[in-house]
Amino acid sequence: MTVLEWLKARTRYSFNEDTLVTIALDRGCDPSEDFYGDNVSERQKELMKADIIFTAVLLSPSNTSSLSQSHNGYQKTIGQEQDFYQDKKIAYAIQIYKKYDDENAAILESTKRKIRQVPIIDVMHL
């Protein structure tokens, strides 16, 4: 498995292939190298995982829109997606960056979400 194939397999985000190639090159990896060979260090592997999260958090939305259709009381919604675990992913990436003293830790630490998920409480069943 090449580094590029590994990066594609490690993310659910729809990144352009060039984005993944850039992540690999920025960490000193040839995207066509064997990922499990001796040329890719544990440090590079972990930092590339963190870079995927970094890219997703800063360049991708945490919510995507949906399309709803209704007819005679039947409703169908297509495509809505929300990342409920974004804060945990950010914390994981920060942990990796701090382990290797990478400057991206400070950037992610200063990232604040503007919209918070508010829990809905059913007052009728308290």
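One is the number of the first residue; the rest follow in order along the sequence.
For D18, the side-chain contact (heavy atoms from CB on, under 4.5 Å) partners two or more places apart in sequence, or in a different chain, are N16. Looking at residues two or more places apart in sequence or on another chain, you find a side-chain contact (heavy atoms from CB on, under 4.5 Å) between A93 and A50, I53, Y97, L108. Here Q95 pairs with nothing under the side chain to side chain donor-acceptor pair (under 3.5 Å) rule; sequence neighbours left out. Contacts of E17 classified as salt bridge (Lys or Arg N to Asp or Glu O under 4.0 Å), with partners at least two apart in sequence or in another chain: K8. Under the side-chain contact (heavy atoms from CB on, under 4.5 Å) criterion, K99 pairs with E46, sequence neighbours left out. By the side chain to side chain donor-acceptor pair (under 3.5 Å) test, T11 is found to be paired with no residue, residues two or more places apart in sequence or in another chain being considered. When the side chain to side chain donor-acceptor pair (under 3.5 Å) test is applied to D34, no partner is found at least two apart in sequence or on another chain. For D26, there are no side chain to side chain donor-acceptor pair (under 3.5 Å) partners, not counting sequence neighbours.
More than 12 heavy atoms of other shown residues, nucleotides or ligands fall within 6.0 angstrom of atom NZ in K49.
Side-chain contact between K89 and V57 is absent, with no heavy-atom pair separated by less than 4.5 Å. Inter-residue side-chain proximity for M48 and F35 is flagged as met; some heavy-atom pair is nearer than 4.5 Å. Side-chain atoms of P31 and L25, non-hydrogen and from C-beta on, do get closer than 4.5 Å to each other. The shortest distance between side-chain heavy atoms of I23 and F54 does not fall below 4.5 Å.
In this structure, T2 and S32 approach most closely via the heavy-atom pair CG2-O, 3.6 Å.
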As a quick check of understanding, evaluate side chain to side chain contact (heavy atoms under 4.5 Å, CB included) for D30 and V3, giving each step before the final call. CA-CA 7 Å; D30 179 348; V3 171; over 6 Å; no
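In this structure, SG in C29 is found 11.5 Å from CG in L4, a value given to the nearest 0.5 Å. Interatomic distance, CD1 of I96 versus CG of N104, reported as 11.5 Å (0.5 Å rounding).
Among K45, R10, R27, the single residue meeting the salt bridge (charged side-chain N to carboxylate O under 4.0 Å, His left out) criterion with D51 is R27.
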